[in-house]
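Quick note: residue numbers are just sequence positions, from 1.
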Amino acid sequence: MESLKKLFGKTSKGEEVYAYTITNGKISAEILDFGATLRSIYVPDKNGNVADVTIGYEDFAPYETSSAYEGKTVGRYANRICGGKFEINGKEYNVEKNENNITCLHGGGEFSFNFWKVENFSDSSITLSFESEDGSFGFPGKMEARVTFTVTERNGVEIRYSAVADKDTIINFTNHSYFNLAGKGDILGHLLKINANAFTPTDEINIPTGEIKSVAATPMDFREFKVIGKEINSDYAQLVNAGGYDHNFCLIGEKGQIRAVAEAYDPESERRMTVYTDLPGIQLYTGNFLERCSGKAGRENYKNCGFCLETQYYPDTPNQKNFPQCTFKAGEEYNSVTIFEFSAD
Ligand code: GLA
């Protein structure tokens with residue numbers, strides 16, 4: 001596994017897209033400068049057989065348009081904002097309503113569907129930066145953002161975000177990788193554990209109702225390892241409405257303190273992934289809207305072929321005053337870290 005930079009493809013306008021590989025000699029990750037996209041993570045199983053444990057595409061073209069955000073860095077506000085509007089300091093802001101003309105989803109896609117600048121690239125690490133203008137996609141403040149991907153000695157892909165704006169603004173970054181620890185098939189047989197006693201139920205258009213609801217005695221209970229497919233098709237209204245899991249879990253532990261928040265395990269390959277973050281929430285999304293199409297290396301992508309664990313502030317925070325807030329002052333730095341760490345039993 002060598003560290004390298006290679007031409008990956010071209011945008012529809014003819015701009016060159018580069019792929020950068022970083023590695024610790026045991027696992028490796030591939031990052032695209034377009035969308036600061038984590039395209040692949042190669043991880044050995046217990047017998048040393050290496051598989052790519054993320055979902056994506058062989059060629060560049062779908063990365064330019066896919067609304068599934070495979071592997072993307074998402075900013076400046078991940079997840080949904082109700083009605084595409086919110087207030088800061090008594091002023092109303094109207095942002096891009098890119099979801100059915102009703103909701104702002106993933107900041108309108110600005111950070112995910114543009115080129116990032118590569119600032120640093122070494123064997124095991126890459127830093128990319130992105131500048132968003134004041135008023136871009138309706139958000140207040142010119143923002144400078146940075147993301148660093150590092151393959152750690154402990155076989156983690158560590159993602160560090162930092163951002164600062166010149167006006168008070170909301171900031172919520174995530175990574176939208178879809179994982180499949182088997183490197184094939186669907187993820188319904190994977191085991192999952194999420195360290196959350198509660199989740200934020202959503203209405204029919206996936207906006208939090210404001211309630212913080214206990215997971216006890218519901219299919220949302222992942223406090224002990226559970227097979228993802230066990231209750232996914234139950235008649236629990238939250239799951240029926242979202243077509244599976246597409247919910248924010250309220251993580252145990254102090255915001256700002258890095259801790260293990262979730263763990264996934266594939267019994268067949270015995271690959272395991274532990275997620276660490278300092279953020280208060282995580283979105284479990286089971287790829288409910290994925291349409292069948294060809295993916296990477298002859299694989300097919302389809303509903304439930306991967307799951308996302310999007311570390312985040314809870315959705316719609318600026319309109320939900322009882323949620324931990326992510327409004328940052330002008331000049332105040334947003335910093336957060338998420339690590340996807342791999343092992344095989
Ligand atoms: C997030 C959302 C999903 C979906 C995907 C992108 O996970 O919660 O509803 O929009 O992004 O397809």
Side-chain angles (χ1 to χ4, degrees), residues 8-13 15 17 31-40 54-85 94-116 130 132 136-139 145 147 172-180 186-187 202-208 232 239 241-248 282-296 299-312 315-316:
F8 178 60
K10 284 189 182 168
T11 66
S12 50
K13 290 189 211 139
E15 302 143 307
V17 178
I31 288 102
L32 307 182
D33 51 7
F34 187 89
T37 304
L38 178 53
R39 179 175 177 256
S40 304
T54 69
I55 301 302
Y57 300 102
E58 191 59 23
D59 299 321
F60 173 70
Y63 288 103
E64 194 171 353
T65 52
S66 170
S67 60
Y69 287 78
E70 292 91 345
K72 302 279 187 184
T73 294
V74 181
R76 56 170 87 178
Y77 188 91
N79 216 307
R80 296 182 170 82
I81 299 174
C82 181
K85 58 178 167 200
N94 285 278
V95 293
E96 197 84 1
K97 289 188 272 197
N98 60 325
E99 192 177 44
N100 304 323
N101 231 350
I102 301 177
T103 305
C104 177
L105 176 65
H106 298 327
E110 181 185 15
F111 288 65
S112 306
F113 296 96
N114 277 299
F115 280 97
W116 289 57
F130 186 80
S132 166
S136 186
F137 287 63
F139 289 94
V147 60
N172 188 20
F173 280 89
T174 198
N175 179 271
H176 209 297
S177 288
Y178 292 74
F179 297 98
N180 179 324
D186 65 45
I187 48 78
T202 47
D203 65 11
E204 60 290 346
I205 54 165
N206 301 315
I207 298 290
I232 200 170
L239 293 178
N241 181 53
Y245 294 97
D246 192 358
H247 294 85
N248 170 68
I282 203 166
Q283 185 90 0
L284 168 62
Y285 173 53
T286 43
N288 314 334
F289 308 133
L290 291 178
E291 278 166 29
R292 192 171 285 274
C293 62
S294 40
K296 283 185 274 189
R299 269 157 73 175
E300 272 210 309
N301 299 345
Y302 51 92
K303 183 176 178 178
N304 304 142
C305 72
F307 64 94
C308 303
L309 286 169
E310 304 156 57
T311 57
Q312 61 184 0
D316 196 32

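A 4.5 Å side-chain heavy-atom check between Phe115 and Thr11 finds at least one atom pair inside the cut-off. Under the 4.5 Å side-chain criterion, counting only non-hydrogen atoms from C-beta, Lys72 is in contact with Phe113. The shortest side-chain heavy-atom distance between Ile205 and Asn100 does not fall under the 4.5 Å cut-off.
To the nearest 0.5 Å, atoms OG1 (Thr37) and CH2 (Trp116) are separated by 10.0 Å. The CD atom of Glu15 sits 9.0 Å away from the CG atom of Asn114 when rounded to the nearest 0.5 Å. Note that CG of Leu309 is 7.0 Å distant from CZ of Phe179, once rounded to the nearest 0.5 Å. Asn241 CG to Asp203 CG: the interatomic distance, rounded to the nearest 0.5 Å, is 7.5 Å. The CZ atom of Phe307 sits 10.5 Å away from the OG1 atom of Thr286 when rounded to the nearest 0.5 Å. One distance of note links CD of Glu310 with CG of Asn248; it measures 10.0 Å at 0.5 Å rounding.
For residues 97-107, the pairs satisfying salt bridge (Lys or Arg N to Asp or Glu O under 4.0 Å) are Arg80-Glu99, with sequence neighbours left out.
Panel note: side chain Glu96, backbone Gly138; no donor-acceptor pair is recorded below 3.5 Å. Within the 3.5 Å criterion, the main-chain N or O of Cys293 finds no donor-acceptor partner in the side chain of Asn301. Asn206 places no side-chain N or O within donor-acceptor distance of the main-chain N or O of Ala242, the cut-off being under 3.5 Å. Side-chain atoms of Asn175 come within 3.5 Å of backbone N or O of Gly71 as a donor-acceptor pair. Of the possible polar contacts, none joining the Asp59 side chain to the Ala61 backbone as a donor-acceptor pair under 3.5 Å is found. Here the side chain of Ser66 pairs a donor or acceptor atom with the backbone of Ala68 at under 3.5 angstrom. The closest donor-acceptor contact from the side chain of Arg292 to the backbone of Lys303 lies at 3.5 Å or more, if one exists at all. Judged by distance alone, with hydrogens and angles left aside, the side-chain atoms of Asn288 form no donor-acceptor pair with the main-chain N or O of Asn304 at under 3.5 Å. A donor-acceptor distance shorter than 3.5 angstrom exists from the side chain of Asn98 to the backbone of Leu105, with no hydrogens or angles considered. Between the side chain of Ser112 and the backbone N or O of Thr73, at least one donor-acceptor pair lies under 3.5 Å.
Remark: Asp316 pairs with Ile81, Cys82, Ile207, Pro208, Asn319, Gln320 by the side chain to side chain contact (heavy atoms under 4.5 Å, CB included) rule, at least two apart or across chains. Judged as a side chain to side chain contact (heavy atoms under 4.5 Å, CB included), and not counting sequence neighbours, the contacts of Lys85 are Glu92, Asn94.
Annotation: Tyr245 is not in aromatic contact with Tyr285 [ring centroid separation under 6.0 Å not met]. Close placement of the Phe111 and Phe173 rings is indicated, their centers lying within 6.0 Å of each other.
For the residue pair Tyr57/Glu70, the side-chain donor-acceptor check at 3.5 Å is satisfied. For the residue pair Lys296 and Thr54, a side-chain donor N or O sits within less than 3.5 Å of a side-chain acceptor on the partner. Asp246 and Gln283 are linked by a side-chain donor-acceptor pair at a separation below 3.5 angstrom, with hydrogens and angles left out of the test. Asn79 and Gln312 are linked by a side-chain donor-acceptor pair at a separation below 3.5 angstrom, with hydrogens and angles left out of the test. Using a 3.5 Å distance cut-off with no hydrogens or angles, the side chains of Glu300 and Ser294 do not pair a donor with an acceptor.
For Tyr63 against Gly56, the heavy-atom pair with the smallest separation is OH-CA, 3.4 Å. The heavy-atom pair separating Val74 from Tyr69 by the smallest distance is CG2-CD2, 4.1 Å. Closest approach of Asp186 and Tyr302 over heavy atoms only: N-OH, 3.5 Å. The two residues Ile55 and Gly306 make their nearest non-hydrogen contact at CG1-CA, 4.0 Å. Considering all non-hydrogen atoms of both residues, Phe60 and Lys10 come closest at CD2-O, 3.4 Å. Minimum heavy-atom separation, Phe34 to Glu64: CE2-CA, 3.9 Å.
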- ring-ring contact (aromatic ring centres under 6.0 Å, His included) evaluation trace for Phe139 with Tyr77: CA-CA 9 Å; Phe139 289 94; Tyr77 188 91; 7.3 Å; no
